[in-house]
Structures are given as C-alpha cells and as structure tokens.
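Please read the structure below before turning to the comments.
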Amino acid sequence: MELLKQRILKDGKSLPGGILKVDNFINHQLDSVLMYQCAEEFVRLFAAQGVTKILTVEASGIAPAVLAGYLAKVPVVFAKKATPKTMDRHYVAKVHSFTKDRDYDILVSKEYLKAGDRILFIDDFLACGNAALGMADLCAQAGATLIGMGFLVEKAFQGGRDKIAARLPGVPVESLAIVTALGDGKIELA
C-alpha cells in the first residue's frame with residue numbers, strides 16, 4: 001500500500017536492533033485516516049474469505065482491526081495480555097515479544113472465540129511471527145478456522161512469514177508494507 005510505505009519512509013525511524021519506530025502514526029499516536037485506509041485494504045484483500053470475526057492482540061493491532069471490523073460488519077476480539085478478574089474461561093497461548101524481549105500469555109475468552117468462527121487476524125507488525133502463531137494456537141484451541149492474516153508492516157528480514165508458512169500452510173498472509181532492511185538510520189522497503 002503506497003500511502004503507508006510513503007508514511008514509513010517520511011516519519012518512521014530505524015533504531016538499533018532491528019526496531020522500526022512508527023509510534024507517531026501507528027502504535028502510540030494514531031493517524032486515523034491512514035488506519036481507515038489500511039482497514040479498507042484489509043477488507044478488500046480478504047473479501048472472498050468469508051470472515052465472520054476479526055482477531056487481534058492488544059494493543060497496537062486494535063485500531064486497524066476495529067476499523068476493518070466496522071467496514072466488514074463483523075465483531076472484533078482482541079487477545080488480552082493479562083487475565084482480568086471477569087474472565088474465568090479462556091484459551092491461552094504463550095508468545096515472545098520481539099520489541100519487549102519477554103514472554104507473555106495471550107488470552108481470549110471462550111465466550112468470544114468458537115468453533116465455526118472464520119477468523120481474520122490483523123496486527124500492526126509481522127516480525128518473527130510469534131504473536132501470529134500464538135493467535136493461530138488460540139484459534140485451533142477453539143476449533144475456529146483461521147482464514148488469513150493481515151499486517152500493517154512486515155519486517156521481512158526477521159523470518160516471520162516463513163515461520164507462518166511452515167506451520168500454517170495455506171493460510172494467506174498479506175502485509176501492506178514490507179521492510180527489507182533497517183540500519184544506520186535507513187529504512188528499505190520492498
């Protein structure tokens with residue numbers, strides 16, 4: 001998606017350790033118009049898949065997921081990273097955060113993820129693929145069908161797409177912008 005790519009090149013920052021800082025328009029301050037346009041693209045890309053629910057993980061995937069859910073007229077569920085007192089029955093998967101360099105559990109209430117659901121997973125980043133595989137695990141636990149994965153930004157050099165393809169053959173993965181290299185303050189896009 002050309003608009004997102006241009007915004008990454010204009011406002012993104014390449015930080016040491018393979019970090020792409022886009023907090024001024026994606027994951028801290030949000031550009032709501034850009035997020036809406038990204039959501040439109042996700043809905044277009046997955047229109048033929050029969051999505052019945054969109055799944056994301058807190059917090060940065062929520063904005064594009066909610067907008068896509070609104071456009072597709074389907075509910076949106078976000079996996080939580082801590083168990084609230086109000087959640088007594090849930091699915092859980094362990095994931096490793098590349099950015100925070102720690103493991104954490106992601107949880108979804110059994111009330112909101114069920115067999116028969118056709119799930120589109122949307123998130124801000126695809127890096128190593130850990131969150132995506134954790135979400136696939138949650139879907140499998142529920143008996144839901146994962147029909148696709150959409151990411152705003154993919155860091156291709158971190159191998160997440162290959163991990164997903166190896167573990168989830170046939171699940172389409174769409175990234176709106178693909179970063180091929182980061183370093184020395186430079187950002188290279190596919």
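Below, all heavy atoms of this structure are taken into account, side chains as well, without hydrogens, waters or symmetry copies. The residues of the chain are indexed from 1 along the displayed sequence.
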Measure the [atom1]-[atom2] distance between [X] and [Y] for me, rounded to the nearest 0.5 Å.
X: Leu126; Y: Glu174; atom1: CG; atom2: CD; result: 12.0 Å
X: Phe42; Y: Leu176; atom1: CZ; atom2: CG; result: 4.0 Å
X: Tyr36; Y: Leu30; atom1: OH; atom2: CG; result: 16.0 Å
X: Leu120; Y: Ile147; atom1: CG; atom2: CD1; result: 5.0 Å
X: Met135; Y: Leu168; atom1: CE; atom2: CG; result: 13.0 Å
X: Glu188; Y: Leu9; atom1: CD; atom2: CG; result: 10.0 Å

Just do the side chain to side chain contact (heavy atoms under 4.5 Å, CB included) check on Lys94 and Asp137 with the steps written out, would you?
CA-CA 9 Å; Lys94 188 167 292 300; Asp137 183 13; over 6 Å; no

So, do Leu20 and Ile8 sit near enough that their side-chain heavy atoms are less than 4.5 Å apart?
yes

Contact between Phe157 and Leu182 at the side-chain level, heavy atoms closer than 4.5 Å - yes or no?
yes

So, using side chain to side chain contact (heavy atoms under 4.5 Å, CB included) as the criterion, who are the partners of His96 when residues are at least two apart?
Asp101, Asp103, Asn130

Apply the test side chain to side chain contact (heavy atoms under 4.5 Å, CB included) to residues Phe121 and Val173: give CA-CA distance (whole Å), side-chain angles for both, the deciding distance (0.1 Å), then the verdict.
CA-CA 9 Å; Phe121 171 59; Val173 174; over 6 Å; no

Determine whether [X] and [Y] fall in the same hydrophobic cluster, where Ile, Leu, Val, Met, Phe, Trp and Tyr are linked whenever their side-chain heavy atoms lie under 4.5 Å apart.
X: Leu107; Y: Val95; result: no
X: Leu71; Y: Leu45; result: yes
X: Ile62; Y: Phe46; result: yes

Within the side chain of [X], is there an N or O that forms a donor-acceptor pair under 3.5 Å with the backbone of [Y]?
X: Lys5; Y: Leu189; result: no
X: Arg118; Y: Gln49; result: yes
X: Glu58; Y: Phe78; result: no

Applying salt bridge (Lys or Arg N to Asp or Glu O under 4.0 Å) as the test, list every pair that has at least one member in residues 39-52; sequence neighbours left out.
Glu41-Arg44

Provide the full list of salt bridge (Lys or Arg N to Asp or Glu O under 4.0 Å) pairs with a residue in residues 157-171, sequence neighbours left out, each pair given once.
Glu154-Arg161

Does atom OH of Tyr104 have more than 12 heavy-atom neighbours, drawn from other residues, nucleotides or ligands, at distances under 6.0 Å?
yes

State which residues pass salt bridge (Lys or Arg N to Asp or Glu O under 4.0 Å) with Lys53; sequence neighbours excluded, sorted by chain then number.
Asp117

Which residues share a salt bridge (Lys or Arg N to Asp or Glu O under 4.0 Å) with Lys81, sequence neighbours left out
none

Pairs where residues 11-30 contributes a residue and the test side chain to side chain donor-acceptor pair (under 3.5 Å) is met, not counting sequence neighbours:
Arg7-Asp11

Start with the C-alpha gap between Leu113 and Val77, add the side-chain angles, then the distance that decides, and say whether side chain to side chain contact (heavy atoms under 4.5 Å, CB included) holds.
CA-CA 8 Å; Leu113 186 59; Val77 175; 5.8 Å; no

